[in-house]
Amino acid sequence: MSNRLNIAKFGGTSVANFEAICNCVKVIKGNSDTRVVVVSAAGGVTNLLVELAHHAMTHVEIQKRIDAIKDIEFKILGHLAHAEDVKEKLGVLLSELDTLAFHEEIHHTDSLKDQLLSLGERMSSLLVAAILNEQGQKARNFDVRNVLKTDSVHGAATPNLALIKTQASRLLKPELADAIIVTQGFIGSDENGMTTTLGRGGSDFSAALLAEALDADSCEIWTDVIGVYTTDPRITDQARPIPELSFEEAAEMATFGAKVLHPATMEPALRQNIRVFVGSSREPEKGGTWLVKDCKEEPPFRAITRRKEQVMVTVKTPKMMYAQGFLERVFAIIAKHKLSVDLVTTSEISVAFTLDNPANSVAQRLNKQTISELETMCDVTVEDGFDLVTIVGNHMQSAKGCTGKVFAALNDIEVRMVCFGANPHNMSFLVKEAVSTQVVKGLHSVLFE
Ligand code: ADP
Ligand code: ASP
Ligand code: MG
């Protein structure tokens, strides 16, 4: 057995069906340092669970979603030769799904929602461990909730790093001696043992947290693309993989919409200086992107990201002239409603800011209550239908000629808001969603092609 330790995380597409899981098995067997495998829910399952947890539905609609989930899991199970034991365990999880999906408190109790959301990862880890065993690699399914301890903010829990470290040394480390441990991303538990979740896409973060707690040498994020690209390859076929990125650049990209990594993934990696690799579980031979602390190159333009479904709020009051404390009161209301502000611009009597407001998120969305609280202080305008396009790079504030090139590419576009200068890594533009693809393609062509 190798002395080095690698954590390998496989995303939803990588564990979506039996064939995809077989590719993961090859990847796992291909690196003798891999002792811990972190898996997401099979592709599509978390979306279905989010619908069950968050939307009121008829009995028939609920049953339709349960059946869709069962179908995904049973199709994978069907490929196992010795399925009895696994089938029984899967059955227990599926009956928990039935109970929670029809639970009358499900839409009102956040802890129940998280318990329901946790089922996707609990089922996929069970199946992946079983398939590894059948394919000659001794593996054990491990309930990460005993190790990944968090606060009690359901849907967006914050990890308790000290406790995770203690629990990992006590419970997880001894398990690594004789088998590969297959565990769940995305989920954890609070001090009362209640299930929590880290937010959508959180499995990447889980893998990095476990890597940190176990003093791992590396962490691999296996997904459906061969690394982090200059922009989302779904937007333009001109996007190309970036061989090496700094943690800072990657964090900036993730925060501003590069879905390939959860934004918090780089925090544990940076703290412990753990190298992170991003590659495709379907085509591991094609290589991927290494995320490192210090990058050899620091180009002014590295990538372009897009975040959809942004809302712009403008608050205006003549009283703001020469007034103090207005911004503080506006942001106190926003903070009270747990909304996170991205871009801000201010003028003499008004402030405009953008909020992330995606429909399928478990995070808080802008609501009537927030708006009416703001209206007690000022005039409020809410506009939606925007996308945020961000150029990520280095030393942008000081690189001469940067802005000219960028604005020339945006010449024909109505740009609603611009943010530049808060940090050297990004330049952001708020544009109408109808033109954001054109904007990304145009900028990509000028900056990278
Ligand atoms: P997983 O289920 O493996 O976690 P995700 O769907 O969360 O995978 O992330 C992978 C997807 O991220 C890709 O399919 C791609 O469309 C999208 N993506 C967005 N921006 C980028 C980028 N800059 N580089 C690579 N992929 C990106
Ligand atoms: N299954 C969770 C989601 O879809 C977590 C993840 O895949 O990273 O958001
Ligand atoms: Mg993901």
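First listed ligand is number 1; within each ligand, the first listed atom is number 1. Residue indices begin at 1 and follow the sequence shown.
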Give the atom numbers and elements of ligand 2 that come within less than 4.0 Å of a heavy atom of [X].
X	result
Arg200	3 (C), 4 (O), 9 (O)
Ser203	5 (C), 6 (C), 7 (O), 8 (O)
Glu121	1 (N), 2 (C), 5 (C)

* Sidechain N-carboxylate O distance under 4.0 Å for Lys64, Asp67 -> no
* **Residues Asp204 and Lys259 bridged, charged N to O under 4.0 Å** => no
* For the pair Glu96 and Arg122, evaluate salt bridge (charged side-chain N to carboxylate O under 4.0 Å, His left out) and give the outcome as yes or no after the intermediate values. => CA-CA 11 Å; Glu96 191 177 327; Arg122 287 158 67 203; 3.0 Å; yes
Below 3.5 Å only, please: the N or O atoms of ligand 1 paired with protein N or O atoms, distance on each line.
unit_1: ligand 1; atom_1: 2 (O); unit_2: Gly12; atom_2: N; d: 3.0
unit_1: ligand 1; atom_1: 3 (O); unit_2: Thr223; atom_2: OG1; d: 2.7
unit_1: ligand 1; atom_1: 4 (O); unit_2: Lys9; atom_2: NZ; d: 3.1
unit_1: ligand 1; atom_1: 6 (O); unit_2: Lys259; atom_2: NZ; d: 2.9
unit_1: ligand 1; atom_1: 7 (O); unit_2: Lys259; atom_2: O; d: 3.4
unit_1: ligand 1; atom_1: 8 (O); unit_2: Thr223; atom_2: OG1; d: 3.1
unit_1: ligand 1; atom_1: 12 (O); unit_2: Val260; atom_2: N; d: 3.4
unit_1: ligand 1; atom_1: 14 (O); unit_2: Asp224; atom_2: OD1; d: 2.9
unit_1: ligand 1; atom_1: 14 (O); unit_2: Asp224; atom_2: OD2; d: 3.2
unit_1: ligand 1; atom_1: 14 (O); unit_2: Arg234; atom_2: NH2; d: 2.7
unit_1: ligand 1; atom_1: 16 (O); unit_2: Asp232; atom_2: OD1; d: 2.8
unit_1: ligand 1; atom_1: 16 (O); unit_2: Arg234; atom_2: NE; d: 2.8
unit_1: ligand 1; atom_1: 23 (N); unit_2: Tyr229; atom_2: O; d: 3.1
unit_1: ligand 1; atom_1: 24 (N); unit_2: Tyr229; atom_2: N; d: 2.8

Indicate yes or no: does an N/O atom of [X] lie under 3.5 Å from an N/O atom of ligand 2?
X	answer
Gly12	no
Ser40	yes
Asp204	no

For residues [X] and [Y], is any side-chain donor paired with an opposing acceptor at under 3.5 Å?
X	Y	answer
Asn423	Glu252	yes
Asn160	Glu191	no
Ser246	Lys293	no

* Partner of His154 under side-chain hydrogen bond (donor to acceptor under 3.5 Å, both in side chains), chosen from Asp114, Thr195, Thr196 -> Asp114
* Glu285, CD atom: more than 12 neighbouring heavy atoms under 6.0 Å -> yes
* Considering residues, nucleotides and ligands other than Lys29, do more than 12 of their heavy atoms fall under 6.0 Å from its NZ? -> yes
* To do: Check whether any heavy atom of Gly202 sits under 4.0 Å from an atom of ligand 2.
  => yes
